[in-house]
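Everything on this sheet refers to the single structure shown next.
Letters A, B, ... are given to chains in the order of the sequence lines, protein chains preceding strands, and every chain is numbered from 1.
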2 protein chains.
Amino acid sequence: MSKKKDKNTEVQILEAAKTVFQSKGMDGARMQEIADTAGINKAMLHYYFRSKQLLFEAVFKNAFSLLAPQLNAILNDDSSLSVKITNFTVDYNTFMLKHPYLPNFIIQELNRNENFIEKLKETTGFPTLDKFRLKVNEEITKGRIIPIDADQLFVNILALNIFPFIGKPLIKAFANQDEKSYKTFVDQRKTAVVDFIINSIKKH
Amino acid sequence: MSKKKDKNTEVQILEAAKTVFQSKGMDGARMQEIADTAGINKAMLHYYFRSKQLLFEAVFKNAFSLLAPQLNAILNDDSSLSVKITNFTVDYNTFMLKHPYLPNFIIQELNRNENFIEKLKETTGFPTLDKFRLKVNEEITKGRIIPIDADQLFVNILALNIFPFIGKPLIKAFANQDEKSYKTFVDQRKTAVVDFIINSIKKH
DNA sequence: ATAAGGTTTAACCAGTTGGTTAACAAATAT
DNA sequence: ATATTTGTTAACCAACTGGTTAAACCTTAT
């Protein structure tokens, strides 16, 4: 009997929880809705994850672990600064167009629970700026780019790439964009942001 | 009897609601907590604002109306582009250091309720990009700045200024900042961001 | 003083929420 | 075969939530 021999129930729960938590947030999410989305009994959520809080943390860590590698790529590989920036911008934008709720979800929940990020810092693979700082200062010393604080540059790169996804409703309203023109706009940023950053740090 | 002849109850409620909504969000906020914060009976909230939703909307519109004038300043005054950028960056950062919850609150709630911004657009004084676009294109034509899409430039300016406040927990974690060094970092952005933007659009 | 209006309160209410439980089913071990 | 463990369900529960109500309290006009 092809009894739909489902995926692991645990995985189904995680996927449903991801969907609900990312669109409603911790406070707005309902355990019943997660159960319904997963197509299972609510008691199962507690059987596998014990509490809403623990289920949420599982989803959150999962989401964060999707972003960390992309950050580590720009922070720790050995390519030139402009290649790093280009790769990160293109990769990040491409990725986010497929996971539009992710950035807002992470930012929102980190702000809701300030000491949440402390737990994440203990995770292996949590990004550090050390190597990026060295690289930036090296390129400054070699006269390839203008003097700039590495941390400020890093935040600028993050800001220019992340904000359009978090501020989507604002941008659509200000620029009078519908869903289609917003997507075009974001797509064009893959090159526009790279040009903007490179231009702002290069020596002319 | 100096019976503390309080401020208007309505104002007390709005202030308490602002505090609670901005730190907990719509879903996380509790009417009882707002009443306690205001030091009044919970029934008063409904007496003056009828429902949680209406109280929330009052607080939200109030918050948004603090930001609109700053945006309109950069978008509609007649100063040069670099002056606009400088003024906006300095003003915005100064203002946000005093209202740290504001940007996250607005962004978060706009994302939670997509059609919320439609109501705001009907408000008088809702920022438009028309004049800013003309200004940018004019400076491009006159050869004062490099060619750049005005909308992209506008979003870049917003991103560089707003993100550090929304992404505070991330930035603190990545750059290993405590509260004090974070504030120093943000303060330095008042000039760092201006330099960054000006440099990226000026002809060399 | 007192009637009338708005303001404030404690107590209450129905619906919702995260979480539990006891019984049942399916798989696994003996 | 049958005992044991693991997975699943419906029903239940206590706590909480936004909202209501009826009575009390002020203020003010008459």
- Item | Nearest heavy atoms of A:Ala58 and A:Leu14, plus distance in Å | CB-CD2, 4.0 Å

- Message: What I want to find out is whether A:Glu15 reaches A:Lys18 closely enough, with some N-O distance under 4.0 Å, to be called a salt bridge.
- Response: no

- Message: To the nearest 0.5 Å, what is the distance between CD1 on B:Ile201 and CD1 on B:Ile157?
- Response: 7.0 Å

- Message: Suppose we screen for salt bridge (Lys or Arg N to Asp or Glu O under 4.0 Å). Which residues come up paired with A:Lys121, at least two apart in sequence or across chains?
- Response: none

- Item | Rounded distance (Å) that lies between atom P of D:dC12 and atom NE2 of A:His46 | 19 Å

- Message: Near DNA chain D, counting only heavy atoms under 4.0 Å, which residues of residues 18-35 of chain A show up?
- Response: none

Side-chain donor-acceptor pairs of residues 97-104 of chain A under 3.5 Å, sequence neighbours excluded:
residue: A:Asn104; atom: OD1; partner: B:Asn111; partner atom: ND2; Å: 3.4

- Query: Between A:Leu45 (CG) and D:dA10 (C1'), how many Å, whole number?
  - Reply: 15 Å

- Note on the structure: The ring-ring contact (aromatic ring centres under 6.0 Å, His included) partners of A:Phe154 (sequence neighbours excluded) come to A:Phe132, B:Phe174

- Query: In whole angstroms, how far is the P atom of D:dG7 from the CD1 atom of A:Ile13?
  - Reply: 11 Å

- Distance in angstrom units between A:Gln53 CD and C:dG19 C1', rounded: 14 Å

- Message: I need the minimum non-hydrogen distance between A:Ala68 and A:Gly125, along with the two atoms involved.
- Response: CB-O, 4.1 Å

Report all interatomic pairs (protein N or O, nucleotide N or O of nucleotides 8-12 of chain C) with separations under 3.5 Å.
residue: C:dT8; atom: OP1; partner: B:Thr9; partner atom: OG1; Å: 3.1
residue: C:dT8; atom: OP2; partner: B:Thr9; partner atom: OG1; Å: 3.3
residue: C:dT8; atom: OP2; partner: B:Tyr48; partner atom: OH; Å: 2.9
residue: C:dT9; atom: OP2; partner: B:Asn41; partner atom: N; Å: 3.1
residue: C:dA10; atom: OP2; partner: B:Asn41; partner atom: ND2; Å: 3.4
residue: C:dA10; atom: N7; partner: B:Asn41; partner atom: ND2; Å: 3.1

- Item | Residues which pass side-chain contact (heavy atoms from CB on, under 4.5 Å) with A:Lys119, listed by chain and number, not counting sequence neighbours | A:Glu57

- Message: Rounding to an integer number of Å, can you tell me how far A:Leu55 CG sits from C:dG18 P?
- Response: 11 Å

